[in-house]
Amino acid sequence: MTRDSGSLWPDTVAPSVEQLAEGITLLRGFCRDEAPALLDAIAEVAALSPFRRMIVPGGHTMSVAMTNVGALGWTTDRTGYRYTARDPMTGNAWPAMPAALLSLAQRAAAAGGFPGFTTNACLINRYAAGARLSLHQDKNERDYAHPIVSVSLGLPATFLLGTLHRTDTPRRIRIEHGDVLVWGGPARLVYHGVAPIRQGTHPLTGESRFNLTFRRAVL
Ligand code: MD6
Ligand code: FE
């Protein structure tokens, strides 16, 4: 099989490193080999803290279903966005971060120029066809010295990469299964989003896309 065969999944191309902006590195294919283990870990998390569609302060229900793993988890309801130590749906602590996830976050951060990253919070997003994430900044962590490591699995996405100014037209970047974005330093508060996911079937995730964003947050 050749690498440019049109019949191949686009996520079978060779891993590569792309600097998208100062502080933003796209590690293409970085976690492709460990994807099955990552998906097993997601299923274990979801068995304890199920995926749910949260309500934003404006009253709308998000199209993306979310859960969390790690000491802290990101949530939203009508009263606002915040990190919590407990899952508001179950009343229990968020599931503990599996070693496989911790290890990936550390290795990817180092490869993206942020050695020594110790994550304590990972938001897990699940997208069905049509689900999207509107332009936002990640600014509930309160300490922006730490990077974010973003892992994509399953169906591809068009990532919208903006600037520090909300009104600038974002670049459109195709993100595939196994790609990892490392995001920090001067880019930490850049606006970004995800265009509506196109219908499809991925051999490992079926009709879904998963995204994990590893952060370091404080309550
Ligand atoms: C997603 N990602 O890819 C959503 N945030 O589904 C994010 O919102 C994100 O990829 C901060 C840093 C990297 C990201
Ligand atoms: Fe984000």
Side-chain angles (χ1 to χ4, degrees), residues 9 11 27 29-55 61-77 81-112 117-129 131 133 138 140-141 146-157 175-183 194 197 200-219:
W9 277 89
D11 57 36
L27 306 170
F30 188 85
C31 69
R32 198 187 294 144
D33 293 347
E34 58 200 286
L38 301 174
L39 290 164
D40 286 348
I42 293 172
E44 284 170 24
V45 169
L48 297 170
S49 278
F51 283 99
R52 81 291 306 263
R53 291 172 60 195
M54 299 180 190
I55 297 173
T61 299
M62 300 183 80
S63 58
V64 180
M66 299 178 169
T67 186
N68 288 278
V69 62
L72 299 180
W74 184 89
T75 60
T76 174
D77 60 19
Y81 309 116
R82 60 189 165 278
Y83 278 89
T84 61
R86 289 182 179 276
D87 177 349
M89 199 173 111
T90 65
N92 299 326
W94 296 106
M97 186 86 72
L101 297 188
L102 209 54
S103 158
L104 171 60
Q106 284 171 348
R107 284 179 281 121
F117 177 50
T118 50
T119 177
N120 66 346
C122 176
L123 173 63
I124 310 178
N125 294 158
R126 188 186 65 196
Y127 298 73
L133 201 56
D138 285 39
N140 299 124
E141 295 75 25
H146 303 281
I148 294 179
V149 171
S150 168
V151 171
S152 291
L153 299 169
L155 291 181
I175 299 286
E176 307 279 356
H177 172 76
D179 289 354
V180 179
L181 265 173
V182 181
W183 183 285
V194 177
I197 298 295
T201 307
H202 189 276
L204 292 183
T205 67
E207 300 182 349
S208 301
R209 169 179 186 258
F210 294 94
N211 174 261
L212 302 96
T213 40
F214 296 91
R215 305 113 186 282
R216 177 130 204 119
V218 284
L219 281 180

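Heavy-atom basis, side chains included; hydrogens, waters and symmetry copies ignored. This chain uses plain numbering: 1 for the first residue, then up along the sequence. Computed from a prediction, not measured in an experiment: that's the story for all the values here.
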>> We want to know whether Trp94 and Thr84 form a side-chain donor-acceptor pair, criterion being a heavy-atom distance below 3.5 angstrom.
In response: yes
>> Any non-hydrogen side-chain atom of Glu141 less than 4.5 Å from a side-chain atom of His146?
In response: no
>> Quiz question: by atom type and distance under 3.5 Å, do the side chains of Arg209 and Thr205 form a donor-acceptor pair?
In response: no
> Should Thr119 and Arg216 count as side-chain neighbours, where that means a heavy-atom distance under 4.5 Å?
Replying inline: no
>> Just so I know, are the side chains of Asn68 and Ser49 near enough to count as touching, which here means a heavy-atom distance under 4.5 Å?
In response: no
> Do Leu48 and Asn92 have side-chain heavy atoms sitting under 4.5 Å apart?
Replying inline: no
> So do Cys31 and Leu38 actually touch side chain to side chain, heavy atoms under 4.5 Å?
Replying inline: yes
> Using 30° and 60° as the class limits, which term best fits the ring planes of Phe51 and Phe210: parallel, tilted or perpendicular?
Replying inline: tilted
> Are the side chains of Gln106 and Val149 in touch, meaning some heavy atoms are under 4.5 Å apart?
Replying inline: no
> Does a donor on one side chain and an acceptor on the other come within less than 3.5 Å for Thr213 and Arg215?
Replying inline: yes
>> Is the shortest side-chain heavy-atom distance between Ser208 and Leu153 below 4.5 Å?
In response: no
>> Under a 3.5 Å threshold, yes or no: a donor from one side chain and an acceptor from the other, between Ser150 and Asn211?
In response: yes
